[in-house]
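Worksheet: the structure to be examined is printed underneath.
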Amino acid sequence: RGLGDVYKRQIQGLLPAVRAEQSRALLSVTLYGCTDNCIYREQAHGIVDSWRTEERPKKIKAQLIRRLDDYDEWLGHRR
């Protein structure tokens, strides 16, 4: 087990306690990108996809939308 595994487990442990939508999205998108785990992918899309209909999403939301799209492409999970 490497240091990355330790950090990943710590972040996974935090996820249930995070209530702020953007923070939860950031953690879910990051965990999905690091693990290619389908659970984190669904959690990330569950939050981020609702932002796609916003006319002008705030900067962090736009960044997370792009990052999630990039991870989907890189990991071979086109929607």
Side-chain angles (χ1 to χ4, degrees):
R1 292 186 178 180
L3 190 55
D5 290 332
V6 172
Y7 289 136
K8 187 171 59 176
R9 280 194 310 278
Q10 289 175 340
I11 292 171
Q12 289 168 336
L14 290 174
L15 193 56
V18 176
R19 298 288 175 228
E21 183 183 50
Q22 289 180 13
S23 297
R24 189 169 184 79
L26 176 60
L27 283 174
S28 296
V29 169
T30 302
L31 283 168
Y32 164 52
C34 292
T35 65
D36 191 17
N37 182 293
C38 65
I39 293 170
Y40 299 129
R41 180 176 184 262
E42 289 304 314
Q43 287 176 347
H45 276 283
I47 299 168
V48 173
D49 286 349
S50 66
W51 300 343
R52 294 178 190 275
T53 59
E54 293 181 13
E55 189 171 321
R56 291 180 179 216
K58 291 185 178 184
K59 183 179 178 180
I60 185 66
K61 288 182 177 183
Q63 288 174 339
L64 285 170
I65 290 168
R66 284 192 306 273
R67 183 176 298 167
L68 184 56
D69 288 345
D70 287 345
Y71 288 154
D72 279 340
E73 182 176 343
W74 297 336
L75 298 170
H77 300 288
R78 286 282 185 162
R79 276 198 167 221

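Nothing fancy with the numbering, it's 1 onward along the sequence.
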Self-check item: Ile39 CD1: over 12 foreign heavy atoms closer than 6.0 Å
Solution: no
Quiz item: According to the side-chain hydrogen bond (donor to acceptor under 3.5 Å, both in side chains) rule, which pairs have a member within residues 61-71, sequence neighbours left out?
Solution: Arg52-Asp69, Glu54-Lys61
In residues 24-33, what donor-acceptor pairs under 3.5 Å come from side-chain atoms, sequence neighbours left out?
residue: Arg24; atom: NH1; partner: Leu15; partner atom: O; Å: 2.5
residue: Arg24; atom: NH1; partner: Val18; partner atom: O; Å: 3.2
residue: Ser28; atom: OG; partner: Arg24; partner atom: O; Å: 3.0
residue: Thr30; atom: OG1; partner: Leu26; partner atom: O; Å: 2.7
residue: Tyr32; atom: OH; partner: Asp72; partner atom: OD1; Å: 2.5

Exercise. For Gln43 and Ile47, run side-chain contact (heavy atoms from CB on, under 4.5 Å): C-alpha distance rounded to whole Å, both residues' side-chain angles, the deciding distance at 0.1 Å, then the answer.
Key: CA-CA 7 Å; Gln43 287 176 347; Ile47 299 168; 5.7 Å; no
Quiz prompt | With Glu21 via salt bridge (Lys or Arg N to Asp or Glu O under 4.0 Å) - residues at least two apart | solution = none
Self-check item: Distance (rounded to the nearest 0.5 Å) between Asn37 CG and Leu75 CG
Solution: 11.0 Å
